[in-house]
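Input: a single structure, listed below in structure tokens.
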Amino acid sequence: MKKIGILNGPNLNLLGTREPEIYGSKTFEDFLAELKERFTQTDFLYYQSNVEGELINQLQEWATTQDAIVLNLGAYSHTSVALADAIKSLPVPVIEVHISNVYAREEYRHTSLSAAHCQGCIMGLGLEGYALAIQHLLHNHY
Ligand code: DQA
């Protein structure tokens, strides 16, 4: 497995400056550069959008081009039936990541509509959660 799509949802374009006490002070672009150095045998595509439909379009496109997907839908994981449906229809493994431990936060963050349609979910381990998801996808064949 070589081609992995990383999809980030709303407000995750602000990583680095957005609530750094929760999400850290690294931008995702800097983190992505580190990922590419760590996983040299992997081809990464990265996409971020604040728009629900654009995230769905990207997932549908990646259904035929990527071997696996790591995603953080941000608040949409708690609210979007449409994105949950999109994940459900994907023929490739998907792992959901949350940078923060959503169970240690407000109650409305305790439900993920998307997680049930993913292979697994990693949360509360900071940006490293994306790396752990990738590591898993590279070492386990579905
Ligand atoms: C988040 C958690 C969500 O509740 C929140 O809306 C986000 C980020 C996380 O990575 O911890 O935008 O998905």
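Predicted, not measured: the structure shown is a model, and the values here were computed from it. In listed order, ligands and their atoms are each counted from 1.
The proximity of Asn72 to ligand 1, defined as any non-hydrogen pair under 4.0 Å, is limited to the side chain. At a 4.0 Å heavy-atom cut-off, ligand 1 does not touch Met123 at all. The side chain of Arg109, and not its backbone, has at least one atom closer than 4.0 Å to an atom of ligand 1 (non-hydrogen atoms only; side chain from C-beta on).
Close contacts of ligand 1 with His78, meaning ligand atoms under 4.0 Å from a residue heavy atom, involve 3 (C), 4 (O).
A donor and an acceptor atom, one from each side chain of Asn50 and Glu52, are nowhere located under 3.5 Å apart.
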Quiz item: Can Glu29 and Lys36 be said to form a salt bridge (charged side-chain N to carboxylate O under 4.0 Å, His left out), step by step?
Solution: CA-CA 11 Å; Glu29 286 69 22; Lys36 288 177 179 170; over 6 Å; no

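Remark: distances from the non-hydrogen atoms of Arg18 to ligand 1 include one below 4.0 Å. A heavy-atom separation below 4.0 Å is found between Val102 and ligand 1.
Ranking protein heavy atoms by distance to atom 8 (C) of ligand 1, first place goes to Tyr23 OH, 3.4 Å. For atom 11 (O) of ligand 1, the nearest non-hydrogen atom of the protein is Ser100 OG, 2.6 Å. The protein heavy atom nearest to atom 9 (C) of ligand 1 is Ile99 N, 3.3 Å. Among all non-hydrogen protein atoms, the one lying nearest atom 1 (C) of ligand 1 is His98 ND1, 3.6 Å.
Ring pair His98/His78 is parallel by interplanar angle, where below 30° counts as parallel and above 60° as perpendicular.
Residues Asn8 and Tyr46 come closest through the heavy atom pair ND2-OH, 3.2 Å.
Side-chain atoms of Ser77 come within 3.5 Å of backbone atoms of Gly74 as a donor-acceptor pair (strictly under, hydrogens ignored).
Within a 6.0 Å radius of CD in Glu106, other residues, nucleotides and ligands contribute more than 12 heavy atoms.
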